[in-house]
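Both ligands and their constituent atoms are indexed starting at 1 by order of listing. The structure presented is a predicted model; accordingly, all values stated were derived computationally and were not measured.
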Amino acid sequence: MNKNKKTSTNAEFFKIISKYYIKYWWITIILALTILSFCLTRASIPLLTQQITLAIKSENGVDLNDAEQILFWGWSSTTIIIVAVSMIIIDAIGTFVFNYYSYILGRKIEIDLRNKILEKLVRQDISYYSDKKIGEILTSVVADTQNLGDGAVRIPTNIGISLSQFVVAFVMTFILAWKIAIFGSIIYFALLALYFVFYIQTVKKYAVVREVYEEVNGNVTDRVGTIRLIKSTGTEDYEKAYLEKQQEINYKAHKPAILNLSFLMTTVYAGSMILQFAIPIIAGIIYSIMGDQQASSTFFSTTFPAYMINQASLIATYSSLMGITFSLAVAGVASVKVSNLLKDESRLDPHYTDGIIVNDIKGDIVFKDIEFRYPEKPEKLILPKFNFTFEEGKSYAFVGETGSGKSTIARLLLRFYDPSNGDIIINKNQNLKDLNLSSYLRHVGYVEQEPQILFGDVYENVKYGRFDATNEEVIEACKKAEIHKLISSWPEGYDTILGERGFMLSGGQKQRLVIARMILKNPQILILDEATSALDNIVEKEIQAKLNELMKGRTSFTIAHRLSTIKNVDHIIVLGGNAKGIVQQGTFKELVKVDGHFKNLYEAGLLEEQNQ
Ligand SMILES: Nc1ncnc2c1ncn2[C@@H]1O[C@H](COP(=O)(O)OP(=O)(O)OP(=O)(O)O)[C@@H](O)[C@H]1O
């Protein structure tokens, strides 16, 4: 509800765009000057039409009556034509300049907002994404910034043009024929009031449409994102029904909005016709009631064409009002969404611009009085208070049943999250919270179960994290990861674009590519989170051998279920379920000998035995 209230206010919109009108002040000045030129040119055309009617009459020897004598400026028809053509040229130049700069400003605003949101999104901490649909976020990034960019220019400039056009045309109706103008204005404002009644209703209904649309969009995008699950389950019919249901919801939300919109459009178009047709009728009634034959003949023979041109200008402000109010409704909602995205702050400060720069990770990594609960679910304890010192250069493995917190430790080391209590210390006295996170992560390698492959060529993928590497170094790393032969067999070799999410590679090949990335990065800390779990035994063996090589001389953390993965590490840490934390530790040989959690896991088959 609160959200709707916020959405209906347009303060946010004007707050956002005013900054851009100040930033690009020179465009603002150009737009303001062109609007002023429109006032001049558009006021001049009805007057010049009236004058040319009088000039042609006079030049053809028709006697002008007294009223016409007063109206006539005495200009020759040639002079009037020259002035009119000049006005049209000024108007054309103004229109070109106005359109060019207003579109430029719109795109500048859109791109700037998009950049700001995307920066905000990549700088958000990982918990930000735990309760959000990517589809919904992307709709906001693309559609809302575009709507805002369009509206940012269209709305203020159209307000400027329409308002000045309205004032000019309104005043001109009184200058041309004030008695008719009084009655014309009453009709005009009555229709305007009716317009606003339907407009308010329509906006309310469209606010609902927008929310439904976004939700449906998010659902559909996320659903299509699970295409492998759909394909592997053969649930195309089920999905077809689901997607149709989503669009049905979308359609139903549109119906009441469309009804109100139709009333609104009817008011605009029928209103325009009424305004146009009412003038001669009003004039006829007024002059016949007054019995003023001369005024009637002057109006119909001299002023009528000018009045109708001016009236068309007045009516145009009515329909441009529709454009403004609609753009405002769309841009208002977009503004609230955009500013909400920009307002969201990361829970932790990664010290992008300050913080201790890490050039090297030396010495032990100390977990001091660490306790952890996920900020998304603070009532649930995950890791009870514990202390542990990870010695430099040694390999560690975490085992334990599912949900015992193994991956959570990896996430703490990557600073996806800060500990709820306690500190992680590196380099003797540097707290992870105080480090410039990017400089720290430059020394950390992370390999997870689902390898992250970017849409890009092999070079780009392997260099990710060490962008200064040469292509030769990439090839060298791929040779060591034993994937060079495969890459070389592709027609485009290292320039091959790897499909979205690495579709064209097998699990083992993707993992080799990630290993090549790690070889190139040469991190001092290595975190392997179920890195080989998705692979079959033979491929697993080959990849594990590569990972074992990679682990040599680095402080490494392995999370695994397979015995072969953890058998050779220096130290195994066993975590208990239900937030018991560390329940046992030692080498593999020590742990299998003694009764305890590890032996239970081992015997229960939770540590998968590997066929040797
Ligand atoms: N973002 C999150 N918000 C709230 N709770 C979470 C979040 N991520 C994980 N958890 C919970 O934290 C607990 C530990 O999760 P974690 O992923 O560390 O377990 P794990 O030991 O690695 O399990 P597995 O072997 O199944 O991967 C689980 O109960 C899980 O439900």
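- The protein atom (non-hydrogen) at minimum distance from atom 24 (P) of ligand 1 is T402 OG1, 3.6 Å.
- With V399 as the fixed residue, the side-chain contact (heavy atoms from CB on, under 4.5 Å) test singles out one of I566, T558, I559: I566.
- Close contacts of ligand 1 with G405, meaning ligand atoms under 4.0 Å from a residue heavy atom, involve 14 (C), 18 (O), 19 (O), 20 (P), 21 (O).
- Remark: distances from the non-hydrogen atoms of G400 to ligand 1 are all 4.0 Å or more.
- Residue pairs meeting the ring pair (Phe, Tyr, Trp, His ring centres under 6.0 Å) criterion with at least one member in residues 407-435, sequence neighbours excluded: F372-Y417, Y374-Y417.
- With ring centers used as reference points, F388 lies under 6.0 Å from F390.
- Contacts between Y417 and ligand 1, counted as non-hydrogen atom pairs separated by less than 4.0 Å, involve the side chain only.
- Each ring pair (Phe, Tyr, Trp, His ring centres under 6.0 Å) pair with one or both residues in residues 207-230, not counting sequence neighbours, would appear here, but there are none.
- Look at R466 and D468 and you find a salt bridge, because one of the NZ, NE, NH1 or NH2 atoms lies within 4.0 Å of a carboxylate O, short of that distance.
- Given atom 27 (O) of ligand 1, the protein heavy atom at minimum distance is S407 OG, 4.0 Å.
- Not close to ligand 1: F372, with no non-hydrogen atom less than 4.0 angstrom away.
- Using cut-offs of 30° and 60° for the angle between ring planes, the Y396 and F557 rings count as parallel.
- With salt bridges taken as basic N to acidic carboxylate O contacts below 4.0 Å, none links K480 and E476.
- Atom 10 (N) of ligand 1 has as its closest protein heavy atom Y374 CE1, 3.3 Å.
- Considering backbone and side-chain N/O atoms, K406 comes within less than 3.5 Å of an N/O atom of ligand 1.
- For the pair I382 and ligand 1, the shortest N or O to N or O distance does not fall below 3.5 Å.
- Nearest to atom 14 (C) of ligand 1 among the protein's heavy atoms is G403 O, 3.5 Å.
- Ranking the protein heavy atoms by distance from atom 15 (O) of ligand 1 puts T408 OG1, 3.7 Å first.
- Checked against the 6.0 Å centroid threshold, Y494 and H484 count as a close aromatic pair.
- Side-chain N/O atoms of S404 and E401 include no donor and acceptor closer than 3.5 Å.
- Protein heavy atom at the shortest distance from atom 1 (N) of ligand 1 is E376 OE2, 3.2 Å.
- Regarding atom 29 (O) of ligand 1, its nearest protein heavy-atom neighbour is K380 NZ, 2.8 Å.
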